[in-house]
Amino acid sequence: MRRLPLLLVLLLSPGMLPAATAPAKSATAAATPAATTVGGTEAINGTVAGVLIAALGEQFGGRPVSIMLDRVDVQPASIRDRSVTGEGRARIEGDEDWIGFRFSTVYDTTFNSAAYPDITLGGVTSDERDVPNDTALVRELDDRVVEGLGKEFANQAVRLQLDRITTVEAGSRYLRINASGIADFGAGGTSPAQIEALYDRRGKTWLRVNYELGPGAGMQQLGALAGG
């Protein structure tokens with residue numbers, strides 16, 4: 001179970017946040033009353049908010065992130081652990097637009113710590129709307145994922161065959177692109193593929209590009225996105 005470095009979690013604890021991420025403190029208070037009815041506590045909400053800020057900041061190329069938690073559900077996973085799921089909104093570098101997300105993680109009651117969260121963007125806020133796919137952006141996204149797969153699999157030749165592509169406008173600045181299809185490795189065979197990406201139209205840069213091969217493999221993040 002992947003965990004964020006302890007030092008990073010401590011630096012993101014309420015009261016110790018740098019100004020750019022200070023709204024995370026309000027994120028804990030913003031959890032809806034429903035969180036309490038399913039066993040949520042301020043300690044769990046605060047710890048989960050901290051790892052979400054750290055994970056989103058990492059996935060957005062080190063950019064400052066603030067969040068608001070709208071729903072937190074806590075269920076027993078074992079004597080020691082709790083399964084935590086919920087919904088929230090993220091704001092990047094103090095921008096006016098919020099990006100909705102869903103998350104899941106495991107909270108350790110003994111050490112008051114949370115595992116690296118699984119975060120899915122979109123499908124939460126009401127200001128999202130479907131827009132036509134941008135052919136140039138889809139081609140650029142395809143190239144990025146193919147390059148990443150080639151590096152991951154020892155420079156094997158790979159080709160993507162995407163049969164479902166959707167583009168959603170998140171606020172006025174961001175485009176969320178989801179795609180699915182087949183990754184073709186030639187003699188190496190094929191695998192189902194899913195892609196999840198977030199594009200900043202104002203900065204003309206990719207903030208997040210994740211892909212998943214095969215059922216249940218889990219999303220992998222392409223690195224080095226900070227430069228666009």
Side-chain angles (χ1 to χ4, degrees), residues 1-94 98-125 194 196 198 207-208 210-212 214-223:
M1 180 168 64
R2 181 182 176 188
R3 297 187 186 277
L4 292 166
L6 178 59
L7 178 59
L8 184 56
V9 174
L10 289 174
L11 288 175
L12 292 173
S13 298
M16 300 178 65
L17 297 174
T21 55
K25 187 174 182 180
S26 63
T28 302
T32 62
T36 302
T37 63
V38 293
T41 67
E42 288 298 315
I44 293 177
N45 293 347
T47 299
V48 169
V51 297
L52 286 170
I53 291 170
L56 285 166
E58 174 189 306
Q59 294 180 24
F60 292 151
R63 295 168 175 82
V65 176
S66 56
I67 68 171
M68 295 286 286
L69 297 183
D70 300 314
R71 181 180 64 82
V72 180
D73 296 329
V74 182
Q75 300 294 336
S78 67
I79 295 177
R80 171 173 167 173
D81 295 329
R82 301 292 181 266
S83 173
V84 184
T85 59
E87 297 177 354
R89 290 163 287 160
R91 187 166 60 184
I92 305 171
E93 296 180 310
W98 291 86
I99 303 168
F101 65 89
R102 292 185 173 90
F103 69 89
S104 64
T105 185
V106 175
Y107 175 81
D108 185 322
T109 60
T110 300
F111 293 100
N112 186 29
S113 62
Y116 193 91
D118 180 29
I119 300 173
T120 302
L121 299 181
V124 175
T125 60
Q194 295 186 53
E196 177 195 272
L198 185 69
L207 296 180
R208 166 169 152 144
N210 291 354
Y211 65 88
E212 177 180 357
M219 281 286 180
Q220 303 295 317
Q221 179 188 1
L222 288 183

Are the side chains of [Y] and [X] in contact, using a 4.5 Å heavy-atom criterion?
X: Arg80; Y: Asp108; answer: yes
X: Leu198; Y: Phe60; answer: yes
X: Val65; Y: Glu93; answer: no

Requested in this report: Return the minimal non-hydrogen interatomic distance between Ala115 and Thr105, and the atom names on each side.
Outcome: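 The answer is O-OG1, 2.6 Å.
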Requested in this report: Compare every heavy atom of Ala77 with every heavy atom of Ser83, then report the nearest pair and how far apart it is.
Outcome: N-CB, 3.9 Å
Nearest-0.5 Å distance, [atom1] of residue [X] to [atom2] of residue [Y]:
X: Trp98; Y: Ile67; atom1: CH2; atom2: CD1; result: 8.5 Å
X: Phe101; Y: Asp70; atom1: CZ; atom2: CG; result: 8.0 Å
X: Glu87; Y: Met68; atom1: CD; atom2: CE; result: 14.0 Å
X: Ile53; Y: Glu58; atom1: CD1; atom2: CD; result: 14.0 Å
X: Leu56; Y: Ser66; atom1: CG; atom2: OG; result: 10.0 Å
X: Ile99; Y: Leu121; atom1: CD1; atom2: CG; result: 6.5 Å

Query raised in the report: Where do Ile119 and Arg208 land on the side-chain contact (heavy atoms from CB on, under 4.5 Å) test, with the steps shown first?
Result: CA-CA 11 Å; Ile119 300 173; Arg208 166 169 152 144; 4.2 Å; yes
Query - Reference residue Tyr107; test side chain to side chain donor-acceptor pair (under 3.5 Å); the match among Asn45, Asp81, Asn112, Thr47 - result: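 Considering Asn45, Asp81, Asn112, Thr47, a side chain to side chain donor-acceptor pair (under 3.5 Å) with Tyr107 is found only for Asn112.
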Report task. Report the residues that fulfil salt bridge (Lys or Arg N to Asp or Glu O under 4.0 Å) with Arg82, sequence neighbours left out, ordered by chain and then residue number. Result -> none
Query raised in the report: Can Val72 and Val48 be said to form a side-chain contact (heavy atoms from CB on, under 4.5 Å), step by step?
Result: CA-CA 9 Å; Val72 180; Val48 169; 5.8 Å; no
Query raised in the report: Residues two or more places apart in sequence or in another chain: which of them pass side-chain contact (heavy atoms from CB on, under 4.5 Å) with Ser104?
Result: Thr85, Asp118
